[in-house]
Amino acid sequence: MRGVHVRSWRYADDVTETLSAAQARRIALAAQGFTRRRPTAAVSARHVHRAMERLGVLQIDSVNVFARSHYLPLFSRLGSYDPALLDRVFLSRTTHYVEYLAHEATFVPVADWSLWRFRMEAFRKRWESDPESWLSQNTRTVSWVKDELRTRGPLRPAQLRADAPRERGTWWDWDDVKLALEHLWRTGDVAISGRRGFERHYALEEQVIPAQVRERVVPREEAIRELVHRAARSSGVATESDLADYYRIKDRKAVRAAIDDLVDNGDLQPVRVRGWERGGRQVPAWLHRDSVLPRRVDAAAILTPFDPVVWFRERALRAFDLDYRIEIYVPAHKRRYGYYSLPVLVGDRIVARVDLKADRASSTLQVQSAWWEPQARTADAEPIARELALAATWQGLEHVSVSGWGDAADAVAGALHVERGGVRRHVHTRQESA
């Protein structure tokens, strides 16, 4: 395996192209599907699968102030679609996708299950080799849970809890049953067979994953190389940190070796991106062979905090000048932007962030705050207003209201007034974002 100094020398020696920061942004957005026109007909499962080919993973999140995070990347790329379509494709069956820790908890193709075996085995080795680990300390619980799933098939945690033997002590504590399922999921002994609402159904691996997928053997080095290759394809142009973060690969030595192999194979090309620096020094970057440099990006989209475009905060700041933090855990009176502010893309720039809430009782999309980003332009208010109006329609809401909190609030409200022929305004305090 090549050492760091060899790799760095090779990078400097092999760079033949320099990209501007704007070019890098356009390449990255094209790789994520933002140069494709949104469907004019009803969005179908085919559109969903095509978007997933570019994303690679779809991160799952339970926060449901506006819409749960995993619904948003498809809305950002495809426009208004029936959320029940996502439920059918991802939640109600495992024909195409299954859940695993491919970034955080994400949907991944079922066919890739064995690609994650190296991560599953790392969990197993860490826990089974430590006599003090929860898994080592709770073998009876783990065995009972596996036996129940083997006998009864897929089960919700509540079903296991209801039928657990009643013994003295805390052995059958609810948290123990839940912990057993989560440990077994991480080691690959258990898979998620679907969800009812947002509640998972757990099953043994063989009850969910086809035999030909389970039996495929992917050596660790090969798996990491494939994941780095996919991360590069989904990123367009990326640094080593970007490539490692996409699938949360902590072994940076393995990531560097994969990059070298991919360069040797012609899959990656070393490039310089102007402005991609750290401590005054150029940060090495690589361009995927399938990347395209569009002349322009005409997209407008509201992004979830867990969209691959912005989920790695270091990349968001470097590539889009977006200094982004989620303020869910910040006390209401200390929040700067709002409880769950969402970045807004216009063209190839992140131009604003908006804190949205779906008030179902009044059928209103509340824009609880709206803030400009450094790359914003005056004309950006109009595409933001169109996306907000579309977001309201997508969520089945009849009205849009805008608070006065944020330096973009007045411009967005004015543009919405033109877009929808009227917009509600409401007095807003930061405590409303709690």
Side-chain angles (χ1 to χ4, degrees), residues 1-21 23-33 52-57 102-103 108-109 111-122 216-279 281-294 308-309 311-312 314-315 318-319:
M1 189 173 291
R2 300 178 179 90
V4 177
H5 297 295
V6 174
R7 184 200 62 81
S8 298
W9 177 84
R10 287 187 63 224
Y11 170 83
D13 191 57
D14 292 347
V15 172
T16 60
E17 186 172 349
T18 298
L19 301 171
S20 69
Q23 287 175 322
R25 289 198 302 271
R26 297 202 298 273
I27 290 169
L29 291 169
Q32 283 288 311
M52 276 295 290
E53 287 176 4
R54 291 180 174 272
L55 289 167
V57 294
H103 183 78
V108 297
D112 289 346
W113 182 256
S114 294
L115 196 60
W116 299 104
R117 192 72 69 188
F118 79 98
R119 182 162 292 172
M120 298 170 185
E121 291 305 320
R216 180 187 172 204
V217 177
V218 185
R220 182 178 188 274
E221 181 179 312
E222 181 183 328
I224 291 176
R225 183 169 57 249
E226 175 61 22
L227 291 172
V228 170
H229 181 255
R230 294 186 186 191
R233 185 178 59 204
S234 294
S235 301
V237 59
T239 68
E240 179 189 306
S241 296
D242 299 338
L243 297 175
D245 180 80
Y246 206 91
Y247 290 109
R248 294 289 169 88
I249 302 172
K250 296 181 180 180
D251 186 346
R252 296 299 283 271
K253 189 176 181 180
V255 171
R256 289 191 289 269
I259 291 172
D260 278 352
D261 287 345
L262 292 167
V263 170
D264 290 341
N265 292 338
D267 296 305
L268 297 184
Q269 173 191 345
V271 294
R272 287 188 179 91
V273 180
R274 287 195 290 270
W276 285 24
E277 299 177 351
R278 183 186 299 115
R281 301 186 64 179
Q282 184 72 39
V283 178
W286 289 266
L287 185 71
H288 190 269
R289 68 180 181 189
D290 295 335
S291 297
V292 296
L293 173 56
V309 172
W311 66 12
F312 185 34
E314 177 186 313
R315 179 177 171 88
R318 182 188 341 107

Evaluate Ile27 against Val292 for side-chain contact (heavy atoms from CB on, under 4.5 Å), listing each step before the verdict. CA-CA 6 Å; Ile27 290 169; Val292 296; over 6 Å; no
Between [Y] and [X], is there a side-chain heavy-atom distance shorter than 4.5 Å?
| X | Y | result |
| --- | --- | --- |
| Thr239 | Arg318 | yes |
| Leu268 | Arg289 | no |
| Val263 | Gln269 | no |
| Arg248 | Phe312 | no |
| Phe118 | Ile224 | yes |

Take Asp245 and Trp311 through the test side-chain contact (heavy atoms from CB on, under 4.5 Å) and record every step on the way to the result. CA-CA 9 Å; Asp245 180 80; Trp311 66 12; 3.8 Å; yes
Could you tell me whether [X] and [Y] have a side-chain N and a carboxylate O separated by less than 4.0 Å?
| X | Y | value |
| --- | --- | --- |
| Arg272 | Glu17 | no |
| Arg278 | Glu314 | yes |
| Glu221 | Arg225 | yes |
| Asp112 | Arg230 | yes |

Any donor-acceptor pair under 3.5 Å from [X] side chain to [Y] backbone:
| X | Y | result |
| --- | --- | --- |
| Asp260 | Ala257 | no |
| Asp251 | Lys253 | yes |
| Ser114 | Arg216 | yes |
| Arg54 | Ala30 | yes |

Indicate whether the side chain of Ser20 and that of Arg25 have a donor and an acceptor atom separated by less than 3.5 Å.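 Not at all, the side chains of Ser20 and Arg25 share no donor-acceptor pair under 3.5 Å.
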Does one side chain, of Arg233 or His288, offer a donor that lies under 3.5 Å from an acceptor on the other?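 Short answer, no.
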Please name the pair of heavy atoms, one in [X] and one in [Y], separated by the smallest distance, quoted to 0.1 Å.
| X | Y | value |
| --- | --- | --- |
| Val283 | Glu277 | CG2-C, 3.6 Å |
| Tyr246 | Pro308 | OH-CB, 3.5 Å |
| Gly236 | Ser291 | O-OG, 2.8 Å |
| Gly56 | Pro109 | O-CD, 3.8 Å |
| Arg220 | Ala254 | NH1-CB, 4.3 Å |
| Arg315 | Trp276 | NH1-CH2, 4.0 Å |

Decide side-chain contact (heavy atoms from CB on, under 4.5 Å) for Trp286 and Ser235; before the verdict, give the C-alpha distance in whole Å, the side-chain angles of both, and the deciding distance to 0.1 Å. CA-CA 10 Å; Trp286 289 266; Ser235 301; over 6 Å; no
Give, for atom [atom1] of [X] and atom [atom2] of [Y], the distance between the pair rounded to the nearest 0.5 Å.
| X | Y | atom1 | atom2 | result |
| --- | --- | --- | --- | --- |
| Leu243 | Glu240 | CG | CD | 8.0 Å |
| His103 | Ile249 | NE2 | CD1 | 11.5 Å |
| Ile259 | Arg252 | CD1 | CZ | 8.0 Å |

Fit a plane to each ring of Tyr247 and Trp116, take the angle between them on a 0 to 90° scale, and name the class: parallel (under 30°), tilted (30 to 60°) or perpendicular (over 60°).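 Tyr247 vs Trp116 ring planes: tilted.
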Would you please test Arg274 and Leu19 for side-chain contact (heavy atoms from CB on, under 4.5 Å) and show each step? CA-CA 6 Å; Arg274 287 195 290 270; Leu19 301 171; over 6 Å; no
